[in-house]
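Lettering of chains follows the sequences in order, A, B, ..., and the numbering in each one begins at 1.
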Amino acid sequence: MTKPSPVDSPSLFPSRESVVDVLLPLAIGAAYSYRVPEGMELAPGDIVVVPLGTREVLGCVWPRAGGAPAVDPAKLKSIKRRYDVAPLQPAMLAFIEWMADYTVTPPGMVLRLALRHDESAGIGRERTGVYLTDRRPERLTKARTKVVEALFDGFVRSKSEAAREAGVSASVVDGLIDDGVLETVVLPPEPAAEVPDPEHSRPDLSPAQSEAAARLVDAVKARAFAPTLIDGVTGSGKTETYFEAVAQAIRQGQQTLILMPEIALTQAFLDRFARRFGVLPAEWHSAVSSKRRGKLFKGVASGEVSVVAGARSALFLPFRDLGLIIVDEEHDGAYKQEDGVHYHARDMAVLRARLEEAPIALVSATPSLETEVNTRRGRYTRLHLPERFTGTRVPRLEPIDLRKEGPPRGQWVAPRLAREMECTLEAGGQSLLFLNRRGYAPLTLCRACGHRLRCPSCSSWLVEHRFRRRLECHQCGYAMPVPSECPACHEPNALIPCGPGVERLHEEVVRLMPNARVQVLSSDLAGGVERMRAELKAIEDGEVDVVVGTQLVAKGHNFPGLALVGVIDADVGLGHGDPRAAERTFQLLHQVAGRAGRANVEGRAFLQTYIPEHPVMQALVAGDRDAFYDQEIAIREEAHLPPFARFCALIVSGTDNHAAQSHARALAACAPFTSEVRVLGPAEAPLALVRGRHRFRLLARSERAFDLSSYVRAWMAGAPRATGSLKVQIDIDPQSFL
DNA sequence: AGATAGACATAT
DNA sequence: TATGTCTATCTA
């Protein structure tokens with residue numbers, strides 16, 4: 001593949017050519033053809049407005065596929081107008097086509113991801129500026145005097161700015177314009193983003209960081225595809241290291257995309273960026289207003305915006321000249337898009353980097369299995385940051401065997417951990433107890449008849465949330481008030497909570513340590529984002545002695561003062577047959593342990609488990625990451641699952657076929673890798689679905705559920721045709737584009 | 001994605 | 001026979 005020209009391709013269609021193909025952001029197989037109006041010049045990548053049926057839609061002029069498609073010329077309609085934005089670059093067009101092919105999705109659906117911003121939003125009204133003339137108002141009111149005084153320096157201000165500075169309403173300013181006291185000028189549009197300064201503040205880097213940064217900078221200078229894994233322990237300064245590569249891209253006048261899992265786009269990251277580059281990066285995620293999105297879209301397309309930090313959707317921004325991609329926390333599951341177009345943003349980022357001929361850095365303390373494998377096979381370069389920047393070490397997890405030294409019945413903190421927490425409290429240190437279970441108790445059962453409360457719609461356990469006085473289903477969101485009697489045998493006051501959730505753990509810690517200030521952190525914390533921010537601040541300021549938290553505490557936020565971390569139930573999430581369970585548990589607990597310790601204090605971490613002999617626990621205790629990956633890779637190979645196996649879903653729709661619908665539901669529940677999954681083996685894939693290199697593999701919830709391969713074969717043979725449609729997502733080797 | 005044209009089901 | 005609801009099909 002040749003490097004596409006970063007600027008507008010000069011290869012316009014010959015002037016006598018009056019028809020172009022336009023890809024529409026719809027689930028249509030191919031681009032449609034449109035007549036080009038007299039005098040309009042179009043090239044592939046241009047965004048245009050075209051008529052479609054009764055309405056008008058946005059589309060993208062698409063390279064003409066080989067061989068003129070036979071469309072009745074009488075059906076051709078004309079392009080309405082060109083949309084005022086820089087054209088999509090050839091690499092972007094290639095990206096859309098590749099990704100569509102790769103994800104078995106119509107290209108239009110991928111284009112839709114790129115054009116999803118509001119068309120009108122970015123255009124923005126013209127801003128009017130005002131300045132003071134020599135003329136003075138005939139009737140001089142108090143408000144008018146204030147305006148004249150405020151603008152006496154003669155500088156141009158926007159209307160709203162002038163009003164604000166003078167402390168009057170905008171109508172006063174308008175009145176003065178009418179009287180000729182103020183003159184108006186058209187102001188240039190506000191810049192889409194501030195310009196980062198690569199030399200704003202050069203950081204002090206450790207030798208390991210400097211070495212890694214130099215390698216990355218070289219890769220940026222080379223302007224070639226080069227995938228790298230930045231693999232460094234928590235606190236090793238991975239961010240500061242890749243910032244040097246970002247700085248180099250800025251110096252070269254190229255753009256950078258920094259992808260992060262939605263949750264990681266925190267103030268902490270933005271602050272660090274601002275410290276290094278003097279300004280905030282352009283942010284792109286679901287909370288950004290549509291007006292702002294429109295503006296950014298244009299700024300990114302024109303090349304004006306040089307650094308974008310965003311969630312996975314930022315991958316579809318129309319960069320003019322992308323010089324570097326960073327995928328922070330590359331192992332994070334949030335990169336996987338599971339509805340609409342199914343894709344993994346990390347893999348698509350690698351694809352995009354290849355097509356843009358740009359280096360890409362995947363960043364993680366606990367790389368995903370596939371990234372580790374790619375690195376071991378030499379497809380990615382490994383840059384290892386072995387030490388913490390502060391000099392303290394990431395603590396080893398000390399195992400607590402719950403079979404031997406478990407807590408008394410009805411309690412969850414082992415005596416040894418409780419003593420350690422007590423010591424930490426006396427020494428003025430902060431502790432964190434980690435339990436990946438929201439609510440009070442994960443299961444409620446009837447003491448009288450043994451009935452267990454299940455969700456009526458999806459049959460998983462109902463989780464008691466004592467604070468909200470509700471039973472909630474964590475699977476589907478169903479909720480009901482806590483009943484006073486058993487729904488099965490109607491025995492009153494017989495329902496008892498089983499097992500711990502963070503709420504219950506909180507209760508226990510308060511009992512164990514009456515003098516400690518204890519705070520629960522859970523994603524369902526009452527009071528929303530505001531409250532969460534306040535609590536995090538309180539923790540940071542040392543106003544909390546013990547934090548009891550779920551998954552949330554493992555990601556994003558930094559707790560600068562943690563001296564002790566205790567994992568309450570390390571076995572949660574293992575043993576459900578999920579092929580990713582071991583990997584996820586390892587990553588999560590490794591990250592949690594990494595929270596302990598600070599600049600001058602070595603932290604300690606404890607791991608409560610019933611299965612200390614389990615490979616995940618052994619690897620965590622030994623701190624031996626390589627051994628863990630070795631094992632995990634071997635297990636996959638034995639099961640004939642490629643280490644890359646990504647997703648598989650079979651979606652059946654149709655009213656007449658109830659069996660098909662229940663199959664679809666079962667599959668939706670198990671794909672991709674969320675519950676017990678069994679490989680039914682390679683089946684003869686329908687030719688229509690399998691394109692060349694894609695291997696076909698079906699995963700089902702269990703052997704008993706149904707034999708999918710024969711089901712699909714029957715379906716393809718037309719047996720239960722009904723009115724349904726069938727979509728099979730195929731297990732693809734995600735590196736097939738490398 | 002919409003808009004629309006058929007296929008059934010139900011009201012008038 | 002008009003009207004509503006659900007789906008599959010089409011848009012150049």
**Report entry** A/R55 (side chain) and B/dA1 (base): donor-acceptor pair under 3.5 Å
**Finding:** yes
Report task. Taking side-chain hydrogen bond (donor to acceptor under 3.5 Å, both in side chains) as the test, write out the residues that go with A/S313, two or more places apart. Result -> A/W284
Query raised in the report: Is a side-chain N or O of A/E329 found less than 3.5 angstrom from the main chain of A/P261, in a donor-acceptor match?
Result: no
**Report entry** Contacts of A/F297 that satisfy ring-ring contact (aromatic ring centres under 6.0 Å, His included) - sequence neighbours left out
**Finding:** A/H117
Report task. Pick base, sugar-phosphate or nothing for A/L76, based on heavy-atom distances below 4.0 Å to the nucleic acid. Result -> sugar-phosphate
Requested in this report: Evaluate the ring planes of A/F95 and A/F316, with Trp represented by its six-membered ring, and classify them as parallel (under 30°), tilted (30 to 60°) or perpendicular (over 60°).
Outcome: tilted
Query raised in the report: How many Å lie between OH on A/Y32 and C1' on C/dT9, as a whole number?
Result: 10 Å
Query raised in the report: Which pairs pass salt bridge (Lys or Arg N to Asp or Glu O under 4.0 Å) with one or both residues in residues 50-62 of chain A, sequence neighbours excluded?
Result: A/E56-A/K80
Requested in this report: Stems involving DNA chain C: give each as a range paired with a range, ordered by first number, where a stem means at least three consecutive Watson-Crick or G-U wobble pairs under 3.5 Å.
Outcome: B:1-11 with C:1-11
Report summary line: Between CD of A/E56 and P of B/dA3 the distance, given in whole Å, is 13 Å
Report summary line: Hits for side-chain hydrogen bond (donor to acceptor under 3.5 Å, both in side chains) against A/R35, two or more places apart or cross-chain, chain-then-number order -> none
Report task. Pick base, sugar-phosphate or nothing for A/K75, based on heavy-atom distances below 4.0 Å to the nucleic acid. Result -> base
Query raised in the report: Is A/I28 touching bases, backbone alone, or none of the nucleic acid, heavy atoms closer than 4.0 Å?
Result: base
Requested in this report: Could you tell me the separation between the CG atom of A/L24 and the C1' atom of B/dA1, rounded to a whole number of Å?
Outcome: 11 Å
Query - Among B/dA1, B/dT4, C/dT11, the one nearest A/T54 by side-chain distance - result: B/dT4
**Report entry** A/R64 CZ - C/dA12 C1' separation (whole Å)
**Finding:** 11 Å
Report task. State whether A/R112 places a side-chain N or O below 4.0 Å from either non-bridging phosphate oxygen (OP1 or OP2) of B/dA1. Result -> yes
Report summary line: Rounded to whole Å, the CG-C1' distance (A/L111 to B/dA1) equals 13 Å
Report task. Starting from C1' on C/dT11, measure out to CG on A/L23 and report it in whole angstrom. Result -> 14 Å
Query raised in the report: Quick one: A/L26 CG to B/dG2 C1', roughly how many Å, whole number?
Result: 9 Å
Requested in this report: Could I get the full list of side-chain hydrogen bond (donor to acceptor under 3.5 Å, both in side chains) partners for A/Q255, not counting sequence neighbours?
Outcome: none
Query raised in the report: For A/R35 and C/dT11, what is the distance between atoms CZ and C1' respectively, to the nearest whole Å?
Result: 17 Å
